[in-house]
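Computed from a prediction, not measured in an experiment: that's the story for all the values here. When reading the values below, keep in mind they use all heavy atoms of this one structure, side chains included, and skip hydrogens, waters and symmetry mates.
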Amino acid sequence: GLGFVGLSLAASLSNVGHNVTGIDINKGLIEQLNKGEISIHEPGLSDLIKNLKLSNKINFYDKPPSKRNNFFIVCVGTPIDSRGNANLKFIKSVLNIISKRIKKGDVVMLRSTVPVGTTRNIAKKILEEKSNLQAGVDFYLSFAPERTVEGKAMEELKTLPQIVGGLTFKCTEIAGKFWRTHSNVVVQTNSLESAELVKLANNSFRDLTFAFSNALVLLADKYNIDSNELIYLANEGYPRNSIARPSPGVGGYCLTKDPLLYAAIDKSSPHAKLSRLGREINQELAKYPIKKFKSFVKEENLNLSETNILIIGIAFKGWPETNDLRDSIGLEVAQELRMICKNVDLYDSIISIEEVESIGFKFKDIDSAESNNYDAVFIMNNHPKNIKKYFLRSLSKDNVFIFDGWNQIDKRTALGYKNIKYMNLGFYSGKVD
């Protein structure tokens with residue numbers, strides 16, 4: 001699997017001296033990689049792979065080559081269905097392939113995010129049945145969760161503690177020895193299940209902390225209070241908590257999925273109810289910008305179907321920077337507005353014109369100070385290069401709605417423009433219901 005997780009790991013392992021074979025069934029991706037073309041925006045990754053390819057330290061294939069390997073690391077995706085259950089078809093497919101190739105002494109490590117018990121109950125069974133080898137005796141089985149953040153993956157692969165759990169003590173020990181060739185800190189757990197649960201716990205906790213802040217937005221909105229200012233006041237000099245920044249929803253591939261995998265372990269338990277509630281709150285905040293825009297349209301007696309919209313920031317996050325559009329709240333808002341508004345344009349300083357056009361939208365170049373004839377502007381991530389200093393002056397309509405989801409515009413400056421109705425998370429300068 002050579003997505004974000006697999007590709008960055010393959011490059012990092014190769015860079016410390018391992019002979020790495022990267023495999024992905026996507027033939028187009030393999031052709032790109034063998035040309036040295038990297039579509040993932042990850043600082044340092046593109047140059048590293050080009051150098052490794054030149055020195056023949058890493059090779060990419062769309063099917064397993066005849067050469068033999070000693071370590072097999074599974075990094076394929078685990079999507080979820082509408083009920084929050086994991087679809088393990090990609091993992092099962094890869095394990096079936098590996099089972100036909102492993103030999104005595106080999107090591108198999110799962111790195112994909114999976115429901116607790118997957119490595120022991122599913123991976124072990126597939127590998128043993130197809131190979132006629134016994135896990136923990138003839139070959140070694142372990143789980144080592146991936147926990148890097150997009151935009152800092154190459155740094156965090158080296159600096160984050162690597163958690164390792166094995167089927168047996170020997171499995172854990174051998175996996176730990178392998179990871180010490182790469183990572184600065186390796187932490188060995190006493191079970192596969194503990195290692196599997198670590199990743200789910202990390203991301204579910206993060207989602208819940210954001211959910212608290214986002215629920216606070218909805219409360220602050222009732223009193224026309226800027227939630228960012230409120231949270232700043234609550235945190236300032238107070239040693240017993242650090243409330244996270246609020247956001248217009250929580251997107252990305254991991255935080256939209258992992259809390260539901262965490263909840264799926266025991267759907268009726270307190271941890272599951274809490275995790276699902278956090279997801280519901282964060283999904284509710286994704287609806288907040290459109291709900292407020294519709295109030296503005298009603299207030300100004302506009303025809304919603306004739307409005308022109310600009311969405312700024314469509315990568316699922318702005319910083320650390322990425323070009324990942326998976327589960328992007330900005331893109332979700334754009335797609336919904338396109339169904340009810342005349343025109344919706346997109347801009348993101350990291351997303352190319354070709355990428356925007358490939359998803360069916362027009363790219364708006366806001367690098368010039370030309371007139372921007374928009375009824376509404378939605379700022380949906382926090383990349384610092386997305387907003388130009390002259391942008392507010394370029395908004396030419398008499399009444400323009402600005403939703404500033406990440407406080408990228410100075411509020412006092414925005415309030416100085418008579419034609420702008422400024423809104424962030426909780427505060428609105430127009431008519432308050």
Side-chain angles (χ1 to χ4, degrees), residues 1 3-22 69-78 86 88 91 94-95 98-99 102 104-128 133-149 152-205 254 258 261-262 265:
F4 164 75
V5 173
L7 187 59
S8 57
L9 178 62
S12 194
L13 286 171
S14 179
N15 196 43
V16 298
H18 291 289
N19 183 9
V20 176
T21 301
N69 300 95
N70 306 110
F71 291 83
F72 299 83
I73 306 176
V74 180
C75 297
V76 295
T78 50
L88 299 177
I91 284 185
V94 168
L95 290 170
I98 292 173
S99 68
I102 56 172
K104 285 191 175 183
D106 285 350
V107 180
V108 180
M109 291 184 278
L110 269 68
R111 196 160 177 80
S112 307
T113 305
V114 297
V116 176
T118 298
T119 311
R120 185 185 304 274
N121 300 325
I122 296 176
K124 176 177 177 289
K125 181 179 179 181
I126 293 173
L127 292 168
E128 288 184 334
L133 299 174
Q134 185 178 349
V137 177
D138 300 314
F139 71 94
Y140 304 98
L141 180 62
S142 63
F143 186 86
E146 175 276 324
R147 300 189 294 162
T148 58
V149 65
K152 295 181 68 176
M154 305 314 294
E155 172 190 338
E156 291 194 344
L157 276 166
K158 300 288 290 182
T159 59
L160 283 183
Q162 178 58 62
I163 308 297
V164 177
L167 178 67
T168 64
F169 176 78
K170 187 68 173 177
C171 292
T172 305
E173 189 176 48
I174 289 175
K177 183 178 179 180
F178 168 82
W179 284 106
R180 287 187 187 93
T181 67
H182 174 270
S183 303
N184 294 337
V185 179
V186 177
V187 181
Q188 295 181 188
T189 75
N190 59 7
S191 73
L192 289 167
E193 289 75 17
S194 177
E196 289 172 331
L197 189 53
V198 160
K199 173 66 181 291
L200 297 178
N202 279 145
N203 279 349
S204 300
F205 176 78
C254 292
D258 293 358
L261 289 178
Y262 176 72
I265 297 168

Residues at least two apart in sequence or cross-chain that pass side chain to side chain contact (heavy atoms under 4.5 Å, CB included) with Thr189, listed by chain then number, are Ile163, Ser194, Ala195
Asp258 versus Leu200, closest heavy-atom pair with distance: O-CD2, 3.8 Å
Shortest non-hydrogen contact from Thr113 toward Lys199: OG1-NZ, 3.0 Å
With heavy-atom distances below 4.5 Å as the criterion, would you say the side chains of Leu13 and Ile73 are in contact? yes
Check: Ser14 side chain, Ala10 main-chain N or O, donor-acceptor pair, under 3.5 Å: no
Rounded to the nearest 0.5 Å, the OG1 atom of Thr118 sits from the CD1 atom of Ile91 at a distance of 6.5 Å
Contact between Gln188 and Trp179 at the side-chain level, heavy atoms closer than 4.5 Å - yes or no? no
Looking at Met109 and Ser142, what are the two nearest heavy atoms and their distance? CG-OG, 2.8 Å
When rounded to the nearest 0.5 Å, the distance separating CD of Glu146 from OG of Ser112 is 9.5 Å
Please round to the nearest 0.5 Å and tell me the distance separating atom NZ of Lys124 and atom CG of Leu141. 8.5 Å
Taking only residues two or more places apart in sequence or in another chain, which ones pass ring-ring contact (aromatic ring centres under 6.0 Å, His included) with Phe178? His18, Phe71
How about Leu9 and Cys75: do any of their side-chain heavy atoms sit closer than 4.5 Å? yes
Residues passing the side chain to side chain donor-acceptor pair (under 3.5 Å) test with Ser183, sequence neighbours excluded, are none
Glu196 versus Ser191: any side-chain heavy-atom pair under 4.5 Å? no
Atom of Leu192, atom of Gly165 and distance for their closest heavy-atom approach: CD2-O, 3.3 Å
Nearest heavy atoms of Ser8 and Leu157, plus distance in Å: O-CD1, 3.5 Å
Any side-chain heavy atom of Asn15 sitting closer than 4.5 Å to one from Met154? no
Could you check if a side-chain atom of Leu167 sits within less than 4.5 angstrom of a side-chain atom of Arg120, using non-hydrogen atoms only? yes
Would you compute the distance between atom CG of Leu95 and atom CD1 of Ile126 and round it to the nearest 0.5 angstrom? 5.0 Å
Does anything in residues 157-174 pair up under side-chain hydrogen bond (donor to acceptor under 3.5 Å, both in side chains), and if so which pairs, sequence neighbours excluded? Arg111-Gln162
With side chain to side chain contact (heavy atoms under 4.5 Å, CB included) as the test, would you mind laying out the steps for Val74 and Ile98 before giving the verdict? CA-CA 9 Å; Val74 180; Ile98 292 173; 3.7 Å; yes
Between Ile265 and Leu197, is there a side-chain heavy-atom distance shorter than 4.5 Å? yes
State whether the side chain of Gln134 and the backbone N or O of Gly136 hold a donor-acceptor pair below 3.5 Å, judged by distance alone. no
Apply side chain to side chain contact (heavy atoms under 4.5 Å, CB included) to Asp106 and list each qualifying residue two or more places apart in sequence or on a separate chain. Asn70, Phe72, Ile102, Lys103
Specify the closest pair of heavy atoms between Cys254 and Asn203, including all atoms of both residues, with the distance to one decimal. CB-ND2, 3.5 Å
ring-ring contact (aromatic ring centres under 6.0 Å, His included) partners for Tyr262, two or more places apart: His271
